[in-house]
Amino acid sequence: MKKIIITLFFIALIYNAFTQNKSKNVDIVYGEEIKESKRSNLEEIIGYDETGIYILKNEGDGMFSKGSSFIEHFDKNMNQTKSEELIIEDGKGEERDFEFFAYMNNTIYLFSSIEDKKTDYIQLYAQTVNKKTLRPNKDARKIARIDYKNKKSNNSFGDFDYEISPEQSKLLIHYSLPTQKKEKEKIALIVMDKELNLIWEKKCTLNYSSELFGADLFKIDNNSNAYILGVVYKEKAVSKRRGKPNYKYQLITYKSNGQIVEEYPIELKDKFITDMQLAINNKNDIVCAGFYSNLGTFSINGSYYMYIDGDNGEVTNKKSKEFELEFITQNMTEREAEKARRKEEKGKEIELFEYDLDDLVLRDDGGVILVGEQFFIKENVHTTYSSNGSVYTSYSYIYNFNDIIVINIDPEGQIEWAKKIPKRQESLNDGGTYSSYTMGYLDDKLFFVFNDNPKNLLNKGNGKLSNYNPNRESVVVLATIDSEGNQNKEALYKMKRSDILVRPKLSEQISDSEMILFGKKGKMQQFTKFIYK
């Protein structure tokens, strides 16, 4: 009888934990539920203004036809007001290929390209989109051109992409140029203002073989300076850097309208940098930070911080700090924590495994906050034998998105605190569609939204977590960390709302205090907005 009473009490606690009306820290606006094709999905939130949000939706490719894309508008109440199929014509009846949207100066800019196989060139165009009709305006202009005539390229040239400066006053368009085998890497940079007037452009030949260089990220500051954080491989480039160290990071800067080119090797003595991010502060100084390992690329055991003066290029601060055992063992079971402590006592390396660096947030005082997540995929091989002796092999993939880690680093490069947000999301053959998280920040707080098992709301970080299962138990969770590292975790809204499941990786913060959550289940889709108080 005592056991039954305890069980019923525990169930009651769980029920109360996730059937509360909603979080008291937010106001929530639920949009209408819309019935769409199962192949329909959100591609991106293009931008927002005082009327609502603009999104790009794709219907998916059919067996005999190319999928269609739509621009749609949703008002402040997250209800759809208009949907228009995206058709990009060149004025001669021939359609151009969609590349990307850039939202600047309260304007939607549409970028598209067309390939002329007769003359062997690719032309990039830009034009505005009418916010009322959601149709492209007839103001297309030529932005860039890639000539590849008589060139047998060894790379996938083109790959147009962009970055916007912190104050949204400058736009950087970058793309790869054709290269032949053993030729040096070539990248084109185009810098424009918020009205797409050209400031400068440059075709860059880097000091590295195209086969041994990969650009990790691009940045543009408010003064039109461009930055490339790249990876230089020692032997052979790989798409996923796993196993033994085979690369180093290199920062390349382009200043004075691309006329001054400087390079900075980013390295640590006797340590291996596994992940790196960079940001440009309001003084145009460069802040680099990331994780390092002593063992290899599967694990991390410390963080790294580097500050470069934007005026003279001098490295004014460079620090690394090993994670404390207390941080590494956070959210572990007693058995796991004790095992880690015994390893440390024996002088063995204690590291965190399979963590990827997702974001770098600049603090107002020059410090940074690093945010990462444990992510890995398990491959299972299944072999069966038929009665006639035939062998059949099939594969299944288990996607794991687990704890979030938050590392707070002060302006001197010292770790002020490091915290884990406990999370366990394991799913089969779905690409982790409803897993991972979305992040926002307001004043001195970071907030994270993700799907969770309601039982975990009662977990105080010292026990085994229950796995999130979108087909059974689920709750949308809001986890908050303040400037002192204090955590709070609560249900964002009622369980009955989870019939349409939130897709965190397609959700986004759109203003200082507002976040848009996209949800889908089967043919039903819904946008939800929450306003953080």
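Computed over heavy atoms, backbone and side chain alike; hydrogens, waters and symmetry mates excluded.
- A donor-acceptor pair under 3.5 Å is formed between the side chain of Lys423 and the backbone N or O of Asn402.
- Between Tyr254 and Lys202, the closest side-chain pair of non-hydrogen atoms falls below 4.5 Å.
- Under the 4.5 Å side-chain criterion, counting only non-hydrogen atoms from C-beta, Asp27 is not in contact with Tyr532.
- A donor-acceptor pair under 3.5 Å is absent between the side-chain atoms of Asn223 and the main chain of Asn225, judged by distance alone.
- Contact of the Phe218 side chain with the Asp161 side chain is not registered, since no non-hydrogen atoms from C-beta on lie closer than 4.5 Å.
- Here the CZ-CZ distance, from Phe518 to Phe74, works out to 8.5 Å after rounding to the nearest 0.5 Å.
- Remark: the backbone N or O of Ile377 is not paired with any side-chain donor or acceptor of Asn400 at under 3.5 angstrom.
- There is no side-chain donor-acceptor pair under 3.5 Å between Asn451 and Arg503.
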Check step by step if side-chain hydrogen bond (donor to acceptor under 3.5 Å, both in side chains) holds for Glu32 and Gln80. CA-CA 8 Å; Glu32 60 185 344; Gln80 187 184 95; over 6 Å; no
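- Screening Lys521, Lys523, Lys57 for a salt bridge (charged side-chain N to carboxylate O under 4.0 Å, His left out) involving Glu36 leaves a single residue, Lys57.
- A donor atom on one side chain and an acceptor atom on the other are found under 3.5 Å apart for Gln525 and Ser40.
- Remark: the backbone N or O of Thr107 is not paired with any side-chain donor or acceptor of Asn105 at under 3.5 angstrom.
- Rounding to the nearest 0.5 angstrom, the gap separating the CD1 atom in Ile190 from the OH atom in Tyr162 is 15.5 Å.
- Put simply, the side chain of Met192 does not reach to within 4.5 Å of the side chain of Asn197, judged on heavy atoms.
- Side-chain N or O atoms of Asn77 include none that pairs as donor or acceptor with a backbone N or O of Asn79 at under 3.5 Å.
- With a 6.0 Å cutoff to the six-membered ring centre and a 45° limit on the axis angle, Arg145 counts as a cation-pi contact of Tyr121.
- Heavy atoms only, all atoms of each residue included: Pro178 and Asp147 are closest at CG-O, 4.2 Å.
- Atom CG of residue Asn429 and atom OH of residue Tyr395 lie 13.5 Å apart, to the nearest 0.5 angstrom.
- Contact check on Lys489 versus Asp452 returns a salt bridge, with a Lys/Arg side-chain nitrogen under 4.0 Å from an Asp/Glu carboxylate oxygen.
- A donor-acceptor pair is defined here as one N or O able to donate and one able to accept, closer than 3.5 Å; such a pair exists between the side chain of Gln509 and the backbone of Ser511.
- Tyr437 places none of its side-chain heavy atoms less than 4.5 Å from the side chain of Gln425.
- A side-chain donor from one of Glu373 and Ser436 sits under 3.5 Å from a side-chain acceptor of the other.
- Ring-plane geometry between Tyr399 and Tyr397 is classed as tilted, the angle between the planes lying from 30 to 60 degrees on a 0 to 90 degree scale.
- Asp358 places no side-chain N or O within 3.5 Å of a backbone atom of Val371 that could act as its donor or acceptor partner.
- Contact between Glu163 and Ile220 at its shortest, heavy atoms only, is O-CG2, 3.6 Å.
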Take Met78 and Thr528, measure what side chain to side chain contact (heavy atoms under 4.5 Å, CB included) needs, and give me the verdict at the end. CA-CA 6 Å; Met78 296 294 97; Thr528 301; 6.0 Å; no
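- Relative ring orientation between Phe375 and Phe401 is described as tilted, the plane-to-plane angle lying within the 30° to 60° band.
- The aromatic rings of Phe160 and Tyr175 lie tilted to each other, with the angle between the two planes from 30° to 60°.
- If you check the side chains of Thr128 and Asn137, you find a donor sitting under 3.5 Å from an acceptor.
- In this structure, CG on Asp512 lies 8.0 Å from CG on Asp443, to the nearest 0.5 angstrom.
- Side-chain atoms of Arg39 do not come within 3.5 Å of backbone N or O of Asn58 as any donor-acceptor pair.
- For the side chain to side chain contact (heavy atoms under 4.5 Å, CB included) with Leu278, the qualifying choice from Val287, Ile228, Leu217, Asp216 is Leu217, the only one to do so.
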Can you list the steps and then say if Glu426 with Ile398 is a side chain to side chain contact (heavy atoms under 4.5 Å, CB included)? CA-CA 7 Å; Glu426 181 181 289; Ile398 301 174; 3.3 Å; yes
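- Stacking of Arg96 on the aromatic ring of Tyr125 is recorded, both the 6.0 Å distance cut-off and the 45° axial limit being met.
- Interatomic distance, Asp275 CG to Ile300 CD1, rounded to the nearest 0.5 Å: 8.0 Å.
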Run the side chain to side chain contact (heavy atoms under 4.5 Å, CB included) check on Lys194 and Gln168 step by step: do they pass? CA-CA 7 Å; Lys194 61 184 179 181; Gln168 297 193 348; over 6 Å; no
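- Asp221 and Ser165 share no side-chain donor-acceptor pair at under 3.5 Å.
- Between Ser427 and Tyr434 there is no side-chain heavy-atom pair separated by less than 4.5 Å.
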Worked check of side-chain hydrogen bond (donor to acceptor under 3.5 Å, both in side chains) between Ser210 and Glu185: CA-CA 4 Å; Ser210 59; Glu185 178 73 5; 4.5 Å; no
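- Looking at Gln127, its side chain never comes within 3.5 Å of a backbone N or O of Pro136 through a donor-acceptor pair.
- Residues Leu56 and Phe70 have side chains not in contact (no heavy-atom distance under 4.5 Å, counting atoms from C-beta outward).
- Within 6.0 Å of CD on Glu379 lie more than 12 heavy atoms contributed by other residues, nucleotides or ligands.
- Looking only at distances, no side-chain donor or acceptor of Trp200 sits under 3.5 Å from a matching main-chain atom of Gln259.
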Carefully, step by step, assess Leu492 and Val477 under the rule side chain to side chain contact (heavy atoms under 4.5 Å, CB included). CA-CA 5 Å; Leu492 187 58; Val477 164; over 6 Å; no
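- By the 30° and 60° cut-offs, the orientation of the rings of His73 relative to Tyr54 is tilted.
- Asp359 approaches Gln277 most closely through the heavy-atom pair N-NE2, 4.4 Å.
- No side-chain heavy atom of Leu428 sits less than 4.5 Å from a side-chain heavy atom of Asp430.
- In plain terms, the two heavy atoms of Thr438 and Glu508 that are nearest each other are OG1-N, 4.0 Å.
- Taking the charged nitrogens against the carboxylate oxygens, Asp49 and Lys131 do have a contact shorter than 4.0 Å, which makes a salt bridge.
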Checking side-chain hydrogen bond (donor to acceptor under 3.5 Å, both in side chains) for the pair Glu99/Ser113: CA distance, chi angles, key distance, verdict? CA-CA 7 Å; Glu99 291 291 342; Ser113 66; 2.7 Å; yes
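- Counting heavy atoms of neighbouring residues, nucleotides and ligands inside a 6.0 Å radius, atom CG of Asp139 exceeds 12 of them.
- Exactly one of Tyr247, Tyr233, Tyr249, Tyr208 qualifies for a ring-ring contact (aromatic ring centres under 6.0 Å, His included) with Phe213. That residue is Tyr208.
- The distance from the OH atom of Tyr227 to the CG atom of Leu172 is 11.5 Å, given to the nearest 0.5 Å.
- Note on Glu84 versus Arg135: salt bridge recorded, some NZ/NE/NH1/NH2 to OD/OE distance being below 4.0 Å.
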